[in-house]
Amino acid sequence: MAAISIAPAYERIYAATRQIPTGRVATYGTVAHLAGLPGQARLVGYALFRVALPDTEIPWHRVINAKGEISRAPSRHGSDWVQQARLLTEGIVFTADGKIPLAVYGWPRSLYLK
DNA sequence: AATTTGACCATAA
DNA sequence: GTTATGGCCAAAT
């Protein structure tokens with residue numbers, strides 16, 4: 001009954017990630033919330049790790065951590081730099097600290113309106 | 001089937 | 001400012 005959403009948890013995360021508009025970024029926590037997994041910021045990170053390589057339609061590079069910084073990791077095989085490059089390509093400018101001003105690029109805007 | 005793994009966030013000291 | 005800790009979950013091997 002109610003086959004409302006028997007979709008894999010990860011797929012919902014991917015769906016939420018695809019909704020991030022170009023030139024904008026969302027945090028893991030936000031994506032988790034949009035995916036219907038409030039508080040599961042970690043799952044988002046886990047899911048994205050499994051998808052990053054065969055990248056298809058998922059703008060995984062638009063997902064960053066709550067600090068407004070790209071989550072670098074040794075296990076990422078350098079995909080973290082690809083993320084940096086892609087964000088720059090979309091017109092996003094990093095601060096001197098290598099961070100992204102969420103107040104400007106954060107999405108959805110409603111979470112960052114002053 | 002059990003073990004391993006993995007890109008977070010918030011709080012406390 | 002850093003460091004440590006708890007919480008949370010699913011997929012790949």
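Note on naming: letters A, B, ... go to the chains in the order of the sequence lines (proteins, then strands), and numbering restarts at 1 for each one.
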### Task
Would you indicate which nucleotide in dA12(C), dA7(B), dC8(C) comes nearest to any side-chain atom of Q40(A)?
dC8(C)
Side-chain donor-acceptor pairs under 3.5 Å in residues 65-72 of chain A, sequence neighbours left out?
{"unit_1": "N65(A)", "atom_1": "OD1", "unit_2": "K67(A)", "atom_2": "N", "d": "2.9"}
{"unit_1": "N65(A)", "atom_1": "OD1", "unit_2": "G68(A)", "atom_2": "N", "d": "3.3"}
{"unit_1": "N65(A)", "atom_1": "OD1", "unit_2": "E69(A)", "atom_2": "N", "d": "3.0"}
{"unit_1": "N65(A)", "atom_1": "ND2", "unit_2": "E69(A)", "atom_2": "O", "d": "3.1"}
{"unit_1": "N65(A)", "atom_1": "ND2", "unit_2": "S71(A)", "atom_2": "OG", "d": "3.2"}

### Query
Just by distance, with hydrogens left out, do R50(A) and Y46(A) show a side-chain donor and acceptor under 3.5 Å apart?
no
### Query
Would you say I64(A) and W107(A) are hydrophobically clustered, going by side-chain heavy atoms of ILVMFWY under 4.5 Å?
no
### Task
Tell me whether the OP1 or OP2 atom of dA7(B) has a side-chain N or O from S79(A) closer than 4.0 Å.
no
### Message
Roughly how many Å apart are dT13(C) and dA7(B), using the P atom of each and rounding to a whole number?
### Response
16 Å
### Query
Do R86(A) and T89(A) have side-chain atoms, one donor and one acceptor, less than 3.5 Å apart?
no
### Query
Would you say the side-chain atoms of H61(A) and Q84(A) include a donor-acceptor pair closer than 3.5 Å?
no
Each nucleotide N or O in nucleotides 9-13 of chain B that has a protein N or O under 3.5 Å away: list the pair and distance.
{"unit_1": "dC9(B)", "atom_1": "OP1", "unit_2": "A66(A)", "atom_2": "N", "d": "2.7"}
{"unit_1": "dC9(B)", "atom_1": "OP2", "unit_2": "A66(A)", "atom_2": "N", "d": "3.1"}

### Message
Can you see whether R76(A) engages Q83(A) through a side-chain donor-acceptor pair at a distance of less than 3.5 angstrom?
### Response
yes
### Query
Rounded to the nearest Å, what distance is computed from the CZ atom of residue R12(A) to the P atom of nucleotide dA11(C)?
11 Å
### Query
Separation of L48(A) atom CG from dA11(C) atom P, in whole Å?
14 Å
### Summary
Residues I92(A) and I100(A): closest non-hydrogen pair is CG2-CG2, 4.0 Å
### Query
If we take the P atom in both dG6(B) and dG7(C), what is their distance in whole Å?
22 Å
### Query
To the nearest Å, how far apart are I20(A) CD1 and dA7(B) P?
18 Å
### Task
Take the protein atom CD1 of I100(A) and the nucleotide atom P of dA7(B), then report the distance between them rounded to whole Å.
18 Å
### Length of the CH2-P vector between W81(A) and dA7(B), whole Å
15 Å
### Query
L34(A) has an atom CG; how far is it from atom P of dC8(B), in whole Å?
18 Å
### Message
Just the rounded figure in Å: distance from P of dC9(C) to OH of Y46(A).
### Response
11 Å
### Query
CG of L43(A) versus C1' of dA11(C): gap in Å, rounded?
10 Å
